[in-house]
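Beneath this line is the structure, given in structure tokens, with notes to follow.
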Amino acid sequence: MNRDTVPAPARVLLADDHTLVRRGVRLILDSEPDLAVVAEAGDGAEAVELARAEEPDLAVLDIAMPRMTGLQAARELSRRLPDLPILMLTMYDNEQYFFEALKAGACGYVLKSVADRDLVEACRAAVRGEPFVYPGAERALVRSYLERLQRGDGLPERAITEREEEILKLVAEGHTSKEIAELLFISAKTVERHRANLLQKLGMRDRLELTRYAIRAGLIDP
């Protein structure tokens, strides 16, 4: 009897700082014969480390995570593992995050609220090398983009650099300059300089105002 060889399931790295969310997403993916979660991370930095160690076929990243956001992790993974497809899993139905995700190297954007409906399809599209945008978003996103181009606005510019964003996030999470220096492998003096630049650029006075800005920017959860 001739039996077709069953292809191995796509190996998925899943990153979300909420254990219950990871558990639910894992149940969704592991119930499919062509998908298997092989590694779980609780923050973006751990996701980058696991991606290098486990060599998954796909990374599914939450946007808002401690230490390093999903967007920051996506940028790092795009640099280090350019062939790794990346999906963003998020609660934010937000045009700015969508464009930032694409700029960071993601090929898809899935809302947590409809993950049970869309995530499997998005994973399969990503593994095939195809983009995925949650249904209902395409029309609004295209319309918004065209309106922006007609106004001559182009895409919104980043207010701060990627390094400043990393430091802002860690400051807002309550890390000291010494701790940030150790996490990012830079000197405490460099951290202080970036912090001073952030305050000046954003017109802010202290950590409290930086924290509020980080919440509005989606770098940390409120």
Look only at the side chain of Y213 and the backbone of M204, and say whether a donor-acceptor pair between them is shorter than 3.5 Å.
-> no

Test side chain to side chain contact (heavy atoms under 4.5 Å, CB included) applied to R79 - qualifying residues, sequence neighbours left out | R75, E76, E162

For I28 and S31, the nearest pair of non-hydrogen atoms, with its separation, is O-OG, 2.7 Å

If you round to the nearest 0.5 Å, how far is CZ of R163 from OG1 of T190?
-> 9.0 Å

Heavy-atom donor-acceptor pair, E54 side chain to A51 backbone, under 3.5 Å = no

Any chain of hydrophobic side-chain contacts (each under 4.5 Å) joining V191 to L219?
-> yes

I160 backbone acceptor or donor facing E164 side chain under 3.5 Å | no

Do L58 and V110 sit in the same hydrophobic cluster, where Ile, Leu, Val, Met, Phe, Trp and Tyr count as joined when their side-chain heavy atoms come under 4.5 Å apart?
-> yes

How close do R26 and V37 get, heavy atom to heavy atom, and via which atoms?
-> NH2-O, 2.9 Å

Write down the atom of G218, the atom of Y97, and the distance for their closest heavy-atom approach.
-> CA-OH, 2.6 Å

Donor-acceptor contact present, side-chain D62 to main-chain D17, <3.5 Å | no

Is there a side-chain contact between M88 and L102, using heavy atoms and a 4.5 Å cut-off?
-> no

Between L29 and V25, is any pair of side-chain heavy atoms under 4.5 Å apart?
-> yes

So, for E46 and G42, which heavy atoms are closest and what is the spacing to 0.1 Å?
-> OE1-N, 2.9 Å

Can you sort out the partners of E173 under side chain to side chain contact (heavy atoms under 4.5 Å, CB included), two or more places apart, ordered by chain and number?
-> P66, K169, L170, H175, I220

Heavy atoms from other residues, nucleotides or ligands near NZ of K178 exceed 12 (cutoff 6.0 Å) | no

E130 vs R124, salt bridge (Lys or Arg N to Asp or Glu O under 4.0 Å): CA-CA, chis, key distance, verdict = CA-CA 9 Å; E130 299 169 4; R124 287 172 177 156; over 6 Å; no

Side chain T211, main chain R207, donor-acceptor under 3.5 Å = yes

What are the two closest non-hydrogen atoms of Y109 and A101, and how far apart are they?
-> CD1-CB, 4.0 Å

Supply the atom-to-atom distance K201 NZ to L168 CG, rounded to the nearest 0.5 angstrom.
-> 11.0 Å

C107 side chain near I86 side chain, heavy-atom distance below 4.5 Å | no

Report the distance from atom CG of D16 to atom CD of E40, rounding to the nearest 0.5 Å.
-> 9.5 Å

Look up atom CZ in R52 and atom CG in L81, then write down how far apart they are to the nearest 0.5 Å.
-> 7.5 Å

Starting from the C-alpha separation in whole Å, work towards a yes-or-no answer on side chain to side chain contact (heavy atoms under 4.5 Å, CB included) for V12 and V60.
-> CA-CA 7 Å; V12 182; V60 178; 3.8 Å; yes

Evaluate the side-chain proximity of H18 to D221: yes if any heavy-atom separation is below 4.5 Å, no if none is.
-> yes

Sidechain-backbone polar pair: T90 side chain, I63 backbone, donor-acceptor under 3.5 Å = no

Give a yes or no on whether the backbone of D118 and the side-chain of E121 come within a donor-acceptor separation of less than 3.5 Å.
-> no

Do P85 and V127 come within less than 4.5 Å of each other through their side chains, counting heavy atoms only?
-> no

If you group Ile, Leu, Val, Met, Phe, Trp and Tyr by side-chain heavy-atom gaps below 4.5 Å, do L71 and M91 land in one group?
-> yes

Nearest-0.5 Å distance, CG of residue L202 to CG of residue L199 | 7.5 Å

L198 CG to R195 CZ distance, which is reported to the nearest 0.5 Å | 9.5 Å

Under a single-linkage definition using a 4.5 Å side-chain heavy-atom cutoff for Ile, Leu, Val, Met, Phe, Trp and Tyr, are L84 and V38 assigned to the same hydrophobic cluster?
-> no

Would you say R67's side chain and G44's backbone share a donor-acceptor pair under 3.5 angstrom?
-> no

Would a hydrophobic clustering, with Ile, Leu, Val, Met, Phe, Trp and Tyr connected at side-chain separations under 4.5 Å, put L13 with V21?
-> no

Beyond-backbone contact of D34 with P7, side-chain heavy atoms, under 4.5 angstrom = no

For L50 and A39, work out which heavy atoms get closest and say how close.
-> CD1-CB, 4.3 Å

For residues E166 and Q72, is any side-chain donor paired with an opposing acceptor at under 3.5 Å?
-> no

Side chains of L87 and L61: does their closest heavy-atom pair fall under 4.5 Å?
-> no

For the side chain of S78 and the backbone of A74, is there at least one donor-acceptor N/O pair under 3.5 Å apart?
-> yes

Could you tell me whether the side chain of D57 and the main chain of R11 form a donor-acceptor pair under 3.5 Å?
-> yes

Find out whether E209 and R205 are in side-chain contact, i.e. whether some heavy atom of one side chain is under 4.5 Å from a heavy atom of the other.
-> yes

